[in-house]
S.K.: 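Structure incoming, see below.
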Number of protein chains: 2
Amino acid sequence: MGTDKKEHIINTAIELFAVKGFEGTSIRDLAAAAGVNIAMINYYFGSKEKLFESMVEEKAAYTRIELTEIMSNTSLNAAGKIDRIVEGFVERLFRNRHFHRVIHQELMLGDRQAMQDMIVNILYPNSQLIKQILLDGIASGEFNKVDVELTVATLIGTINYLLQSKKFCLKILDETETYVPYEDEEFKTRVKTHLKAVLHIHLVHQPK
Amino acid sequence: MGTDKKEHIINTAIELFAVKGFEGTSIRDLAAAAGVNIAMINYYFGSKEKLFESMVEEKAAYTRIELTEIMSNTSLNAAGKIDRIVEGFVERLFRNRHFHRVIHQELMLGDRQAMQDMIVNILYPNSQLIKQILLDGIASGEFNKVDVELTVATLIGTINYLLQSKKFCLKILDETETYVPYEDEEFKTRVKTHLKAVLHIHLVHQPK
DNA sequence: TGAAACTAAACAAACGTTTAATTAAAACAC
DNA sequence: GTGTTTTAATTAAACGTTTGTTTAGTTTCA
(Lines give C-alpha, C1' and ligand atoms only; values in the text may rest on other atoms or scores of the structure.)
Protein backbone atom coordinates (compact mmCIF):
# COMPACT_ATOMS: atom_id res chain seq x y z
CA MET A 1 0.00 0.00 0.00
CA GLY A 2 0.81 3.64 -0.39
CA THR A 3 2.16 4.79 2.96
CA ASP A 4 4.97 2.27 3.40
CA LYS A 5 6.10 2.82 -0.17
CA LYS A 6 6.05 6.57 0.29
CA GLU A 7 8.23 6.18 3.36
CA HIS A 8 10.51 3.81 1.47
CA ILE A 9 10.98 6.43 -1.24
CA ILE A 10 11.67 9.07 1.41
CA ASN A 11 14.27 6.92 3.15
CA THR A 12 15.94 6.15 -0.16
CA ALA A 13 15.90 9.86 -0.98
CA ILE A 14 17.67 10.72 2.28
CA GLU A 15 20.43 8.23 1.50
CA LEU A 16 20.88 9.56 -2.04
CA PHE A 17 20.56 13.26 -1.20
CA ALA A 18 23.13 12.85 1.57
CA VAL A 19 25.68 11.50 -0.92
CA LYS A 20 24.84 13.30 -4.17
CA GLY A 21 22.94 16.36 -2.96
CA PHE A 22 19.42 17.42 -3.89
CA GLU A 23 20.26 18.86 -7.31
CA GLY A 24 22.74 16.06 -7.96
CA THR A 25 20.13 13.37 -7.49
CA SER A 26 17.82 12.79 -10.47
CA ILE A 27 14.42 11.28 -9.94
CA ARG A 28 15.56 8.50 -12.28
CA ASP A 29 18.42 7.70 -9.89
CA LEU A 30 16.00 7.82 -7.01
CA ALA A 31 13.34 5.69 -8.69
CA ALA A 32 15.92 3.08 -9.64
CA ALA A 33 17.40 2.99 -6.13
CA ALA A 34 13.98 2.70 -4.54
CA GLY A 35 12.84 0.12 -7.10
CA VAL A 36 9.81 2.06 -8.28
CA ASN A 37 8.67 3.59 -11.54
CA ILE A 38 9.84 7.13 -12.32
CA ALA A 39 6.29 8.43 -12.49
CA MET A 40 5.50 7.21 -8.98
CA ILE A 41 7.51 9.99 -7.37
CA ASN A 42 5.39 12.67 -8.98
CA TYR A 43 2.30 10.57 -8.42
CA TYR A 44 2.97 10.41 -4.69
CA PHE A 45 4.61 13.74 -3.97
CA GLY A 46 3.66 15.99 -6.92
CA SER A 47 7.18 17.13 -7.67
CA LYS A 48 10.79 16.70 -6.67
CA GLU A 49 10.65 19.77 -4.47
CA LYS A 50 7.50 18.60 -2.73
CA LEU A 51 9.19 15.26 -2.13
CA PHE A 52 11.91 17.14 -0.28
CA GLU A 53 9.35 19.04 1.76
CA SER A 54 7.50 15.81 2.58
CA MET A 55 10.81 14.29 3.63
CA VAL A 56 11.56 17.19 5.96
CA GLU A 57 8.05 17.24 7.42
CA GLU A 58 8.05 13.50 8.02
CA LYS A 59 11.48 13.30 9.66
CA ALA A 60 11.51 16.63 11.49
CA ALA A 61 8.81 15.79 14.01
CA TYR A 62 10.47 12.46 14.77
CA THR A 63 13.80 14.22 15.28
CA ARG A 64 12.46 16.99 17.51
CA ILE A 65 11.16 14.89 20.37
CA GLU A 66 12.84 13.84 23.63
CA LEU A 67 14.57 17.16 24.13
CA THR A 68 11.81 19.15 25.81
CA GLU A 69 11.35 16.47 28.45
CA ILE A 70 14.88 17.16 29.62
CA MET A 71 13.87 20.73 30.29
CA SER A 72 10.90 19.69 32.39
CA ASN A 73 12.90 17.22 34.48
CA THR A 74 13.02 19.17 37.75
CA SER A 75 15.20 16.60 39.49
CA LEU A 76 18.17 17.78 37.44
CA ASN A 77 20.18 20.89 38.15
CA ALA A 78 21.41 23.05 35.25
CA ALA A 79 24.73 21.21 34.92
CA GLY A 80 22.91 17.88 34.88
CA LYS A 81 20.60 19.13 32.14
CA ILE A 82 23.59 20.17 30.03
CA ASP A 83 25.06 16.69 30.37
CA ARG A 84 21.77 15.15 29.27
CA ILE A 85 21.54 17.60 26.36
CA VAL A 86 25.03 16.67 25.20
CA GLU A 87 24.25 12.96 25.38
CA GLY A 88 20.93 13.40 23.62
CA PHE A 89 22.38 15.52 20.82
CA VAL A 90 25.31 13.26 20.09
CA GLU A 91 23.06 10.21 19.98
CA ARG A 92 20.38 11.84 17.87
CA LEU A 93 22.63 13.61 15.37
CA PHE A 94 24.92 10.62 14.91
CA ARG A 95 21.96 8.32 14.35
CA ASN A 96 20.16 10.67 11.94
CA ARG A 97 23.37 11.87 10.31
CA HIS A 98 22.14 11.34 6.71
CA PHE A 99 19.02 13.40 7.19
CA HIS A 100 21.01 15.90 9.19
CA ARG A 101 23.52 16.25 6.36
CA VAL A 102 20.76 16.71 3.77
CA ILE A 103 19.09 19.59 5.57
CA HIS A 104 22.41 21.26 6.31
CA GLN A 105 23.30 21.09 2.63
CA GLU A 106 20.08 22.88 1.81
CA LEU A 107 20.51 25.30 4.71
CA MET A 108 23.84 26.41 3.27
CA LEU A 109 22.25 27.42 -0.02
CA GLY A 110 20.74 30.86 -0.37
CA ASP A 111 18.02 30.27 -2.95
CA ARG A 112 14.86 28.30 -2.27
CA GLN A 113 13.67 30.64 0.46
CA ALA A 114 10.76 28.46 1.54
CA MET A 115 12.93 25.41 2.15
CA GLN A 116 15.47 27.44 4.07
CA ASP A 117 12.79 28.92 6.32
CA MET A 118 11.43 25.43 6.87
CA ILE A 119 14.82 24.11 7.93
CA VAL A 120 15.60 27.09 10.12
CA ASN A 121 12.31 26.49 11.90
CA ILE A 122 13.32 22.89 12.52
CA LEU A 123 16.77 23.65 13.88
CA TYR A 124 15.90 26.76 15.82
CA PRO A 125 13.95 25.11 18.68
CA ASN A 126 16.96 22.93 19.43
CA SER A 127 19.28 25.87 19.86
CA GLN A 128 16.64 27.79 21.76
CA LEU A 129 16.20 24.92 24.20
CA ILE A 130 19.91 24.83 25.02
CA LYS A 131 19.98 28.59 25.27
CA GLN A 132 17.16 28.52 27.79
CA ILE A 133 18.97 25.98 29.97
CA LEU A 134 22.03 28.22 29.92
CA LEU A 135 19.97 31.30 30.80
CA ASP A 136 18.24 29.46 33.65
CA GLY A 137 21.60 28.27 34.96
CA ILE A 138 22.98 31.79 34.85
CA ALA A 139 19.87 33.22 36.54
CA SER A 140 20.15 30.70 39.38
CA GLY A 141 23.82 31.55 39.82
CA GLU A 142 24.87 28.02 38.92
CA PHE A 143 26.53 29.10 35.65
CA ASN A 144 28.92 31.88 34.80
CA LYS A 145 27.66 34.77 32.70
CA VAL A 146 28.87 33.29 29.43
CA ASP A 147 27.93 34.23 25.85
CA VAL A 148 24.90 31.96 25.59
CA GLU A 149 24.37 32.15 21.82
CA LEU A 150 27.98 31.32 21.06
CA THR A 151 28.09 28.58 23.67
CA VAL A 152 25.22 26.96 21.81
CA ALA A 153 27.24 27.38 18.62
CA THR A 154 30.19 25.62 20.24
CA LEU A 155 28.11 22.65 21.35
CA ILE A 156 26.24 22.01 18.12
CA GLY A 157 29.10 23.23 15.91
CA THR A 158 31.50 20.67 17.36
CA ILE A 159 29.13 17.82 16.54
CA ASN A 160 28.32 19.21 13.09
CA TYR A 161 32.01 19.48 12.30
CA LEU A 162 32.47 15.77 12.94
CA LEU A 163 29.34 14.84 10.99
CA GLN A 164 30.05 16.99 7.96
CA SER A 165 32.22 14.52 6.11
CA LYS A 166 33.14 10.99 7.04
CA LYS A 167 36.31 11.22 4.97
CA PHE A 168 37.49 14.37 6.70
CA CYS A 169 36.48 13.05 10.11
CA LEU A 170 38.58 9.93 9.53
CA LYS A 171 41.49 12.06 8.37
CA ILE A 172 41.64 14.17 11.52
CA LEU A 173 41.16 11.06 13.67
CA ASP A 174 43.96 9.35 11.72
CA GLU A 175 41.75 6.33 11.03
CA THR A 176 41.36 3.98 8.05
CA GLU A 177 38.57 4.32 5.46
CA THR A 178 36.71 1.26 6.69
CA TYR A 179 36.13 2.63 10.19
CA VAL A 180 32.69 4.17 10.76
CA PRO A 181 33.09 6.48 13.76
CA TYR A 182 29.40 7.37 13.91
CA GLU A 183 28.47 3.81 14.74
CA ASP A 184 31.25 3.28 17.27
CA GLU A 185 30.07 3.53 20.88
CA GLU A 186 33.58 4.30 22.02
CA PHE A 187 33.81 7.33 19.73
CA LYS A 188 30.39 8.58 20.75
CA THR A 189 31.44 8.37 24.38
CA ARG A 190 34.63 10.22 23.51
CA VAL A 191 32.68 13.08 21.92
CA LYS A 192 30.26 13.25 24.84
CA THR A 193 33.12 13.31 27.34
CA HIS A 194 34.91 16.07 25.47
CA LEU A 195 31.83 18.25 25.13
CA LYS A 196 30.80 17.79 28.75
CA ALA A 197 34.33 18.68 29.88
CA VAL A 198 34.50 21.78 27.70
CA LEU A 199 31.05 23.02 28.69
CA HIS A 200 31.34 22.15 32.35
CA ILE A 201 34.53 24.08 32.97
CA HIS A 202 33.33 26.92 30.77
CA LEU A 203 30.06 27.18 32.65
CA VAL A 204 30.70 26.32 36.29
CA HIS A 205 34.34 27.22 36.96
CA GLN A 206 34.60 30.21 39.25
CA PRO A 207 37.39 32.54 38.10
CA LYS A 208 39.28 34.02 41.06
CA MET B 1 43.63 39.73 -21.45
CA GLY B 2 43.03 36.17 -20.34
CA THR B 3 44.24 35.99 -16.74
CA ASP B 4 42.16 38.79 -15.22
CA LYS B 5 39.06 37.51 -17.00
CA LYS B 6 39.72 33.97 -15.78
CA GLU B 7 39.93 35.27 -12.24
CA HIS B 8 36.79 37.33 -12.75
CA ILE B 9 34.95 34.18 -13.83
CA ILE B 10 36.31 32.31 -10.81
CA ASN B 11 35.21 35.04 -8.40
CA THR B 12 31.77 35.14 -9.98
CA ALA B 13 31.60 31.35 -9.71
CA ILE B 14 32.36 31.47 -5.99
CA GLU B 15 29.52 33.92 -5.42
CA LEU B 16 27.07 31.83 -7.42
CA PHE B 17 28.17 28.42 -6.11
CA ALA B 18 27.89 29.73 -2.53
CA VAL B 19 24.24 30.66 -3.10
CA LYS B 20 23.00 28.06 -5.59
CA GLY B 21 25.48 25.21 -5.15
CA PHE B 22 27.71 23.66 -7.80
CA GLU B 23 25.02 21.51 -9.43
CA GLY B 24 22.47 24.27 -9.04
CA THR B 25 24.55 26.76 -11.00
CA SER B 26 24.41 26.40 -14.79
CA ILE B 27 27.24 27.71 -16.89
CA ARG B 28 24.66 29.93 -18.57
CA ASP B 29 23.87 31.53 -15.20
CA LEU B 30 27.56 31.88 -14.57
CA ALA B 31 28.36 33.31 -17.99
CA ALA B 32 25.55 35.83 -17.69
CA ALA B 33 26.60 36.89 -14.18
CA ALA B 34 30.23 37.24 -15.24
CA GLY B 35 29.25 39.03 -18.45
CA VAL B 36 31.04 36.62 -20.78
CA ASN B 37 29.98 34.25 -23.55
CA ILE B 38 28.90 30.75 -22.53
CA ALA B 39 31.65 29.15 -24.59
CA MET B 40 34.36 31.09 -22.78
CA ILE B 41 34.07 28.97 -19.65
CA ASN B 42 34.93 25.81 -21.52
CA TYR B 43 37.45 27.73 -23.60
CA TYR B 44 39.29 28.82 -20.46
CA PHE B 45 38.78 25.90 -18.09
CA GLY B 46 37.86 22.94 -20.32
CA SER B 47 34.75 21.94 -18.38
CA LYS B 48 32.55 22.92 -15.47
CA GLU B 49 34.32 20.45 -13.18
CA LYS B 50 37.74 21.75 -14.16
CA LEU B 51 36.53 25.27 -13.47
CA PHE B 52 35.74 24.13 -9.94
CA GLU B 53 39.17 22.56 -9.58
CA SER B 54 40.84 25.70 -10.92
CA MET B 55 38.84 27.73 -8.44
CA VAL B 56 39.95 25.56 -5.54
CA GLU B 57 43.58 25.54 -6.66
CA GLU B 58 43.63 29.29 -7.11
CA LYS B 59 42.01 30.20 -3.81
CA ALA B 60 43.42 27.44 -1.63
CA ALA B 61 47.02 28.63 -1.68
CA TYR B 62 45.91 32.16 -0.89
CA THR B 63 43.82 30.88 2.01
CA ARG B 64 46.50 28.64 3.47
CA ILE B 65 49.14 31.27 4.21
CA GLU B 66 49.80 33.27 7.39
CA LEU B 67 49.08 30.34 9.69
CA THR B 68 52.44 28.59 9.66
CA GLU B 69 54.23 31.77 10.65
CA ILE B 70 52.31 31.74 13.93
CA MET B 71 53.83 28.34 14.66
CA SER B 72 57.36 29.60 14.08
CA ASN B 73 56.90 32.68 16.25
CA THR B 74 59.03 31.63 19.23
CA SER B 75 58.22 34.76 21.22
CA LEU B 76 54.73 33.40 21.89
CA ASN B 77 53.90 30.73 24.45
CA ALA B 78 51.32 28.07 23.65
CA ALA B 79 48.39 30.06 25.04
CA GLY B 80 49.49 33.08 23.01
CA LYS B 81 49.65 31.00 19.88
CA ILE B 82 46.10 29.74 20.46
CA ASP B 83 44.88 33.32 20.78
CA ARG B 84 46.58 34.22 17.51
CA ILE B 85 45.14 31.14 15.84
CA VAL B 86 41.64 32.06 16.96
CA GLU B 87 42.02 35.60 15.68
CA GLY B 88 43.51 34.43 12.40
CA PHE B 89 40.81 31.83 11.79
CA VAL B 90 37.88 34.10 12.55
CA GLU B 91 39.28 36.82 10.29
CA ARG B 92 40.16 34.48 7.45
CA LEU B 93 37.01 32.36 7.46
CA PHE B 94 34.68 35.33 7.84
CA ARG B 95 36.42 37.14 4.99
CA ASN B 96 36.50 34.10 2.67
CA ARG B 97 33.10 32.84 3.76
CA HIS B 98 31.75 32.36 0.22
CA PHE B 99 34.66 30.20 -0.88
CA HIS B 100 34.57 28.46 2.47
CA ARG B 101 30.91 27.64 2.04
CA VAL B 102 31.44 26.32 -1.48
CA ILE B 103 34.12 23.83 -0.49
CA HIS B 104 32.16 22.71 2.56
CA GLN B 105 29.15 22.04 0.38
CA GLU B 106 31.27 19.83 -1.82
CA LEU B 107 32.98 18.24 1.19
CA MET B 108 29.60 17.10 2.49
CA LEU B 109 28.85 15.19 -0.69
CA GLY B 110 30.10 11.64 -1.07
CA ASP B 111 30.51 11.34 -4.81
CA ARG B 112 33.19 13.15 -6.80
CA GLN B 113 36.04 11.43 -4.94
CA ALA B 114 38.77 13.54 -6.53
CA MET B 115 37.22 16.83 -5.46
CA GLN B 116 36.63 15.57 -1.94
CA ASP B 117 40.25 14.45 -1.62
CA MET B 118 41.35 17.82 -2.93
CA ILE B 119 39.28 19.67 -0.34
CA VAL B 120 40.33 17.41 2.51
CA ASN B 121 43.94 18.12 1.59
CA ILE B 122 43.22 21.85 1.80
CA LEU B 123 41.48 21.76 5.17
CA TYR B 124 43.66 19.15 6.81
CA PRO B 125 46.82 21.27 7.25
CA ASN B 126 44.77 23.85 9.17
CA SER B 127 43.52 21.32 11.68
CA GLN B 128 46.95 19.71 11.90
CA LEU B 129 48.55 23.03 12.69
CA ILE B 130 46.20 23.68 15.62
CA LYS B 131 46.64 20.11 16.77
CA GLN B 132 50.41 20.57 16.84
CA ILE B 133 50.15 23.70 18.95
CA LEU B 134 47.95 21.81 21.40
CA LEU B 135 50.38 18.88 21.50
CA ASP B 136 53.33 21.20 22.05
CA GLY B 137 51.48 22.98 24.85
CA ILE B 138 50.66 19.68 26.51
CA ALA B 139 54.25 18.44 26.14
CA SER B 140 55.59 21.60 27.78
CA GLY B 141 53.12 21.22 30.64
CA GLU B 142 51.42 24.51 29.77
CA PHE B 143 48.19 22.79 28.68
CA ASN B 144 46.05 20.11 30.25
CA LYS B 145 45.96 16.69 28.63
CA VAL B 146 42.83 17.42 26.61
CA ASP B 147 41.38 15.55 23.64
CA VAL B 148 43.35 17.40 20.97
CA GLU B 149 41.41 16.23 17.90
CA LEU B 150 38.06 17.17 19.41
CA THR B 151 39.39 20.47 20.73
CA VAL B 152 40.28 21.31 17.13
CA ALA B 153 36.74 20.31 16.17
CA THR B 154 35.34 22.66 18.79
CA LEU B 155 37.38 25.60 17.55
CA ILE B 156 36.72 25.26 13.84
CA GLY B 157 33.23 23.79 14.33
CA THR B 158 32.05 26.83 16.26
CA ILE B 159 33.12 29.16 13.46
CA ASN B 160 31.69 26.90 10.76
CA TYR B 161 28.38 26.78 12.58
CA LEU B 162 28.09 30.55 12.41
CA LEU B 163 29.18 30.69 8.77
CA GLN B 164 26.92 27.93 7.52
CA SER B 165 23.85 30.04 6.93
CA LYS B 166 23.42 33.76 7.35
CA LYS B 167 19.69 33.32 7.86
CA PHE B 168 20.16 30.80 10.66
CA CYS B 169 22.97 32.85 12.19
CA LEU B 170 20.71 35.89 12.33
CA LYS B 171 17.92 33.82 13.85
CA ILE B 172 19.99 32.57 16.78
CA LEU B 173 21.42 36.06 17.27
CA ASP B 174 17.89 37.48 17.18
CA GLU B 175 18.88 40.03 14.55
CA THR B 176 17.10 41.51 11.53
CA GLU B 177 17.63 40.29 7.96
CA THR B 178 19.56 43.36 6.91
CA TYR B 179 22.33 42.88 9.45
CA VAL B 180 25.49 41.21 8.08
CA PRO B 181 27.30 39.78 11.11
CA TYR B 182 30.30 38.62 9.10
CA GLU B 183 31.21 42.19 8.23
CA ASP B 184 30.63 43.56 11.72
CA GLU B 185 33.84 44.12 13.70
CA GLU B 186 31.92 43.96 16.94
CA PHE B 187 30.58 40.51 16.17
CA LYS B 188 33.97 39.24 15.05
CA THR B 189 35.43 40.44 18.35
CA ARG B 190 32.60 38.72 20.18
CA VAL B 191 33.34 35.40 18.47
CA LYS B 192 37.06 35.74 19.14
CA THR B 193 36.45 36.56 22.81
CA HIS B 194 34.14 33.59 23.25
CA LEU B 195 36.51 31.12 21.59
CA LYS B 196 39.52 32.38 23.49
CA ALA B 197 37.61 32.13 26.77
CA VAL B 198 36.39 28.60 26.03
CA LEU B 199 39.77 27.35 24.90
CA HIS B 200 41.78 29.12 27.56
CA ILE B 201 39.90 27.69 30.50
CA HIS B 202 39.68 24.30 28.82
CA LEU B 203 43.41 24.20 28.20
CA VAL B 204 45.11 26.00 31.09
CA HIS B 205 42.83 25.64 34.08
CA GLN B 206 44.34 23.32 36.68
CA PRO B 207 41.65 21.05 38.18
CA LYS B 208 42.14 20.51 41.88
C1' DT C 1 49.15 37.34 -42.12
C1' DG C 2 48.43 34.46 -38.30
C1' DA C 3 47.49 33.16 -33.77
C1' DA C 4 44.52 34.18 -29.88
C1' DA C 5 40.12 35.86 -28.18
C1' DC C 6 35.51 35.79 -28.70
C1' DT C 7 30.73 34.81 -30.48
C1' DA C 8 26.17 32.74 -31.98
C1' DA C 9 24.33 28.62 -33.08
C1' DA C 10 23.75 23.92 -32.83
C1' DC C 11 24.57 19.36 -30.42
C1' DA C 12 23.27 15.27 -27.97
C1' DA C 13 22.15 13.92 -23.46
C1' DA C 14 19.73 14.37 -19.19
C1' DC C 15 16.45 16.64 -16.72
C1' DG C 16 11.58 17.01 -14.24
C1' DT C 17 7.12 16.26 -15.57
C1' DT C 18 2.90 14.56 -18.00
C1' DT C 19 0.17 11.59 -20.66
C1' DA C 20 -2.42 7.68 -21.90
C1' DA C 21 -3.03 2.98 -21.16
C1' DT C 22 -2.98 -1.06 -18.13
C1' DT C 23 -3.38 -3.67 -13.93
C1' DA C 24 -4.87 -4.26 -9.09
C1' DA C 25 -7.98 -3.26 -5.43
C1' DA C 26 -12.11 -1.78 -3.39
C1' DA C 27 -17.04 -0.83 -3.42
C1' DC C 28 -21.34 -2.00 -4.66
C1' DA C 29 -25.59 -4.24 -6.23
C1' DC C 30 -28.01 -8.47 -6.22
C1' DG D 1 -20.51 -15.28 -3.18
C1' DT D 2 -20.70 -13.52 -8.14
C1' DG D 3 -20.50 -10.09 -11.60
C1' DT D 4 -20.10 -5.14 -12.37
C1' DT D 5 -18.53 -0.62 -11.63
C1' DT D 6 -15.29 2.69 -9.65
C1' DT D 7 -11.34 4.01 -7.83
C1' DA D 8 -6.51 3.71 -7.01
C1' DA D 9 -1.87 2.09 -8.24
C1' DT D 10 1.43 1.29 -11.68
C1' DT D 11 3.61 1.36 -16.10
C1' DA D 12 6.13 2.69 -20.50
C1' DA D 13 6.52 6.24 -23.48
C1' DA D 14 6.73 10.81 -24.81
C1' DC D 15 6.91 15.93 -23.70
C1' DG D 16 9.25 20.22 -23.67
C1' DT D 17 13.34 22.31 -21.25
C1' DT D 18 17.61 22.79 -19.73
C1' DT D 19 21.95 20.94 -19.27
C1' DG D 20 27.26 20.87 -20.46
C1' DT D 21 29.81 20.90 -24.47
C1' DT D 22 31.32 21.65 -29.30
C1' DT D 23 31.48 23.57 -33.75
C1' DA D 24 32.37 26.77 -37.19
C1' DG D 25 32.87 31.30 -38.02
C1' DT D 26 34.15 36.10 -36.74
C1' DT D 27 36.70 39.73 -34.55
C1' DT D 28 40.93 41.55 -32.49
C1' DC D 29 45.47 42.88 -32.42
C1' DA D 30 50.39 42.28 -32.68
S.K.: For the residue pair A:Ser47 and A:Asn42, what are the closest heavy atoms and their distance?
M.R.: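 What the structure gives for the nearest pair is CA-OD1, 3.2 Å.
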
S.K.: For A:Ile38 and A:Tyr43, take the nucleotide of DNA chain D holding the closest heavy atom to each; which residue's nucleotide lies nearer the 5' end?
M.R.: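 Its nearest nucleotide being more 5', the pick is A:Tyr43.
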
S.K.: When you get a sec, tell me which of D:dG20, D:dA12, D:dT21 is the closest nucleotide to the side chain of B:Ser26?
M.R.: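 Nucleotide nearest to B:Ser26's side chain: D:dG20.
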
S.K.: Examine the side chains of B:Asn11 and B:Lys59 and answer whether a donor and an acceptor come within less than 3.5 Å of each other.
M.R.: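 Present: a donor and an acceptor within the cut-off.
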
S.K.: Rounded to whole angstrom units, what separation is found between the CZ atom of A:Arg28 and the C1' atom of D:dT19?
M.R.: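 Result: 13 Å.
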
S.K.: Measure CE/A:Met40 against C1'/C:dT23 and give the value in whole Å, please.
M.R.: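 From A:Met40 CE to C:dT23 C1': 12 Å.
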
S.K.: Measure from the ring center of A:Phe168 to the ring center of A:Tyr161 and say whether it is less than 6.0 Å.
M.R.: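 Yes - the distance between ring centres of A:Phe168 and A:Tyr161 falls below the 6.0 Å cut-off.
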
S.K.: Go nucleotide by nucleotide along DNA chain C from the 5' end; which of A:Asp29 and A:Ala39 gets its closest nucleotide reached first?
M.R.: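 This one resolves to A:Asp29.
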
S.K.: So which atom in B:Ala60 and which in B:Phe99 form the shortest heavy-atom distance, rounded to 0.1 Å?
M.R.: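 Looks like N-CZ, 4.2 Å.
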
S.K.: Rounded to whole Å, please give me the gap between OH in B:Tyr44 and C1' in C:dT7.
M.R.: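 Distance, rounded to whole Å: 13 Å.
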
S.K.: Do the side-chain N or O atoms of A:Lys48 get closer than 4.0 angstrom to the phosphate oxygens (OP1, OP2) of C:dC15?
M.R.: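 So the side-chain polar atoms of A:Lys48 never come under 4.0 Å of the phosphate oxygens OP1 or OP2 of C:dC15.
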
S.K.: Keeping the roles fixed (side chain from B:Asp111, backbone from A:Lys20), state whether a donor-acceptor pair exists under 3.5 Å.
M.R.: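 Side chain of B:Asp111 to backbone of A:Lys20, a donor-acceptor pair under 3.5 Å: no, none is there.
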
S.K.: Please give, in whole Å, the distance from C:dA20 P to A:Asn37 CG?
M.R.: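 After rounding, the reported distance stands at 17 Å.
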
S.K.: Rounded to whole angstroms, how far apart are CG on B:Asn42 and C1' on D:dT21?
M.R.: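 Interatomic distance, CG of B:Asn42 to C1' of D:dT21: 5 Å.
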
S.K.: What is the distance, to the nearest angstrom, from the CZ atom on B:Phe22 to the P atom on D:dG20?
M.R.: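 One finds 8 Å between P of D:dG20 and CZ of B:Phe22, rounded.
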
S.K.: Atom CZ of B:Phe45 to atom P of D:dT22: distance rounded to whole Å?
M.R.: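 Spelled out: CZ on B:Phe45 to P on D:dT22 is 15 Å.
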
S.K.: The side chain of A:Ile27 is closest to which nucleotide in this list: D:dG20, C:dG16, D:dT23?
M.R.: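 In terms of side-chain proximity for A:Ile27, the closest of D:dG20, C:dG16, D:dT23 is C:dG16.
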
S.K.: Regarding A:Ile41, tell me which of base, sugar-phosphate or nothing describes its non-hydrogen contacts under 4.0 Å with the strands shown.
M.R.: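 Nothing, no nucleic acid heavy atom in range.
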
S.K.: Which whole-number value in Å describes the distance from B:Leu51 CG to D:dT21 C1'?
M.R.: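 Interatomic distance, CG of B:Leu51 to C1' of D:dT21: 14 Å.
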
